[in-house]
Amino acid sequence: MKIATWNVNSLKVRLPHLLDWLAAESPDVVCLQELKLEDKAFPVEELAAAGYKAVFSGQKTYNGVAILSKLDARDVQIGIPGLEDEQRRIIAATVDGVRVICGYFVNGQAVGSEKFAYKMSWLAALTAWVREELQQHPQLVLTGDFNIAPEARDAHPDWKDEIHVSEPERAAFRALLALGLSDAFRLFEQPEKIYSWWDYRMMAFRRNFGLRIDHILISAPLLPQALRCWVDKAPRKLERPSDHAPVIVELKRTV
DNA sequence: ATGTCGTGTTTGACACGA
């Protein structure tokens, strides 16, 4: 069973990339972020033709999340319960007995800004909710664009901005791990300087000037099932790519 | 190096978010 996350930065623009990638990689579950389209514009039929069901929560221009799956997605939850938020950042569903939470975490813009305060309070609300979800669903995957590079090795050495690498953000990431989750990528030996996002500017991708901010966290009962986890840079090399590359975890599980 | 994208509107130029 392969579970993937990909910030597509406009599903409308990236649909051809996505369909090609689904055909090539055949993931069982795909969490998408930054759809940037309203629900009525979601490409339900194109994805169904590719063999995927979809649940989604979108809005005009910004944000928007979806879970694609070969099997049915059950018990769909949109947004963090109890959190007033117009920004469509969270969708959760149960697929084949695994609770999948797909998140487009707040960017935060700059440490100390109003948006940063929103990021930190949003992270606190998410953490409290995921704690409850874990009690209901021991087999849980929390994945998406976290907009946090957890450790120094997850940021290019020349990264100077504080946002995405600040201590409060990293502490919030560790608080999620402390719920009993593990960063699937770090369960395995990995090459150095593996990132999942590169700014469109400054020829960042060519220079590998990136951050590892897209993550797949898995709960303890799933640990024995984890086979591998990797970043797939192939779609980032195409014409008109998303600024993010997909991340995939493979679980030993029959679907 | 206010650099590139995607989307939207106050639309063929600029604002915003990332």
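These numbers come from a predicted model, not from an experiment. In what follows, chains are A, B, ... by sequence order, proteins preceding strands, each numbered from 1.
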Respond yes when some side-chain nitrogen or oxygen of A/Thr61 is under 4.0 Å from OP1 or OP2 of B/dG17, and no when none is.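 No, no such contact exists.
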Can you tell me if the side-chain N/O atoms of A/Arg14 get under 4.0 Å from OP1 or OP2 in B/dG6?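 Answer is yes, contact under 4.0 Å.
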Among A/Phe105, A/Phe173, A/Phe185, which one satisfies ring pair (Phe, Tyr, Trp, His ring centres under 6.0 Å) with A/His215?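 One option only clears the test, and that one is A/Phe173.
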Which listed nucleotide ([options]) is nearest to the side chain of [X]?
| X | options | value |
| --- | --- | --- |
| A/Tyr200 | B/dT7, B/dC5, B/dA18 | B/dC5 |
| A/Asn9 | B/dT7, B/dG6, B/dG3 | B/dG6 |
| A/Lys60 | B/dG3, B/dA18, B/dG8 | B/dG8 |

Shared hydrophobic cluster, A/Val44 / A/Leu15 (ILVMFWY, side-chain heavy atoms < 4.5 Å):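 Yes, it is one cluster - the side chains of A/Val44 and A/Leu15 are joined through contacts under 4.5 Å.
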Is it the case that atom CD in A/Glu250 sees more than 12 heavy atoms from other parts of the structure closer than 6.0 Å?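 Count over threshold, so yes.
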Classify the nucleic acid contact of A/Phe205 as base, sugar-phosphate or nothing, counting any heavy atom under 4.0 Å across all strands shown.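 No contact at all - A/Phe205 keeps every heavy atom at 4.0 Å or more from the nucleic acid.
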Calculate the interatomic distance between A/Arg207 atom CZ and B/dT4 atom P; express it in whole Å.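 After rounding, the reported distance stands at 13 Å.
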Roughly how many Å is it from NZ in A/Lys36 to P in B/dT7, rounded to a whole number?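 After rounding, the reported distance stands at 6 Å.
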Between CD of A/Glu169 and CZ of A/Phe146, what distance do you get to the nearest 0.5 Å?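 If I round to the nearest 0.5 Å, the distance is 13.0 Å.
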